[in-house]
Amino acid sequence: MSPADMLVIGTAAAMAGAMNSVAGGGTFFSFPALLAIGVPPVIANASNAVALWPASLSSAWAYRHELARFSKGLPALSAVALIGGIAGGLLLLSTKDATFSKLIPWLLLIATAMFAGSGRISALLNRLRQRAEEGPSHASAGGLLFQLAVSVYGGFFGAGMGIVMIAALAIQGHRDIHDINALKNWLSAIIYSVAVVTFVIAGAVSWPHTLVMIATAAIGGYWGAVGARKVPAVWLRRFIIAVGSVLTTYYFCKTYLN
């Protein structure tokens, strides 16, 4: 890894950490950066997941008190997230680089669309919150199946997972936005954790690249929490959507027009 490569992925990971701390969408920066310096697609995806994994743990810890309300429904949701995360990680490891390369533009398209549509989801949640009843809600069978699909997607790729998980939790009947955020962060941490363990055991992680990204992502996350909140959130969201759209277009052209 050359100094130029370190600069590219270090800067991208710092931006990813900053964006995730404010508006989400950090994978749009860190994953393509690994591809740009020549890391194979599957290893790039696994390394990116490991690099951004510590942030998911800290986010889950921040909501530990809210999670205490879900003593009945949380075990089932956690089990689904665990199974889905393992399945998604194993699915990635069984996918050849050539196949995954063809999937990249579609995965980026899905993630960009979900991120762009998150405002509508937030509006829906605000309406639900206004009609919320006292006490936590619990998971339904259909909601658990949806959650399983989200968990598999998260273990396989992960970009945009938080947005679709919010929708999954709302479908399951959860009403309070703080409850939803608490559950989202906890389940995301489980999915990322089991996927990361799977990737590490399988030897699918490029540690030199990953260690650089872990360090700079932490710095970016701190900067984002402290300084980036001064920037209007709508500007950040538009910037991320624009980046996702450009990357999606680029990878579609690169994959299918060459």
Side-chain angles (χ1 to χ4, degrees), residues 1-17 20 26-60 78-108 110-111 148-162 187-221 247 251 254-255:
M1 182 170 53
S2 68
D5 291 344
M6 293 180 64
L7 178 62
V8 169
I9 63 172
T11 302
M15 293 179 67
N20 282 344
T27 296
F28 287 121
F29 299 94
S30 51
F31 175 64
L34 286 166
L35 295 178
I37 65 171
V39 179
V42 171
I43 293 179
N45 193 41
S47 299
N48 180 68
V50 176
L52 300 182
W53 168 59
S56 69
L57 298 179
S58 61
S59 297
S78 299
V80 166
L82 179 68
I83 295 170
I86 293 174
L90 293 176
L91 181 61
L92 174 67
L93 295 176
S94 65
T95 303
K96 296 181 180 179
D97 280 322
T99 302
F100 193 74
S101 294
K102 293 181 179 180
L103 291 174
I104 286 174
W106 295 101
L107 292 169
L108 289 174
I110 292 170
L148 178 62
V150 174
S151 302
V152 172
Y153 171 81
F156 183 74
F157 187 55
M161 175 181 63
L187 296 173
S188 295
I190 292 177
I191 293 166
Y192 277 124
S193 296
V194 297
V196 163
V197 170
T198 303
F199 298 152
V200 171
I201 292 176
V205 178
S206 176
W207 286 108
H209 300 89
T210 301
L211 292 175
V212 170
M213 294 176 71
I214 287 176
T216 57
I219 295 171
L247 290 173
Y251 281 104
K254 179 182 179 181
T255 303

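- Applying the side-chain contact (heavy atoms from CB on, under 4.5 Å) test to P105 and every residue at least two apart in sequence or in another chain returns Y251, F252, T255, Y256.
- Taking A44 as the reference, F31, L34, L35, V39 meet the side-chain contact (heavy atoms from CB on, under 4.5 Å) condition, with sequence neighbours excluded.
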Name each donor-acceptor pair under 3.5 Å that joins a side chain in residues 191-199 to protein atoms two or more places apart or in another chain, with its distance.
unit_1, atom_1, unit_2, atom_2, d
S193, OG, W53, NE1, 2.9
S193, OG, A189, O, 2.6
T198, OG1, V194, O, 2.8

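- Considering only residues two or more places apart in sequence or on other chains, S78 meets the side chain to side chain donor-acceptor pair (under 3.5 Å) condition with W186.
- By the side-chain contact (heavy atoms from CB on, under 4.5 Å) test, T210 is found to be paired with S47, V50, A51, V205, W207, I214, residues two or more places apart in sequence or in another chain being considered.
- Applying the side chain to side chain donor-acceptor pair (under 3.5 Å) test to every pair with at least one member in residues 33-42, sequence neighbours left out, gives no pairs at all.
- Among residues two or more places apart in sequence or in another chain, the side-chain contact (heavy atoms from CB on, under 4.5 Å) test is passed with M1 by D5, M6, I9, P208, H209, V212.
- By the side chain to side chain donor-acceptor pair (under 3.5 Å) test, S30 pairs with N48, sequence neighbours left out.
- Between the side chain of D97 and the backbone N or O of P40 there is no donor-acceptor pair closer than 3.5 Å.
- Contacts of F100 classified as ring-ring contact (aromatic ring centres under 6.0 Å, His included), with partners at least two apart in sequence or in another chain: F156.
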Identify every side-chain donor-acceptor pair in residues 83-96 under 3.5 Å, counting partners at least two apart or on other chains, and give the distances.
unit_1, atom_1, unit_2, atom_2, d
S94, OG, L90, O, 3.2
S94, OG, L91, O, 2.9
T95, OG1, L91, O, 2.7

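- Using a 4.5 Å cut-off on side-chain heavy atoms (C-beta onward), T216 and T11 make no contact.
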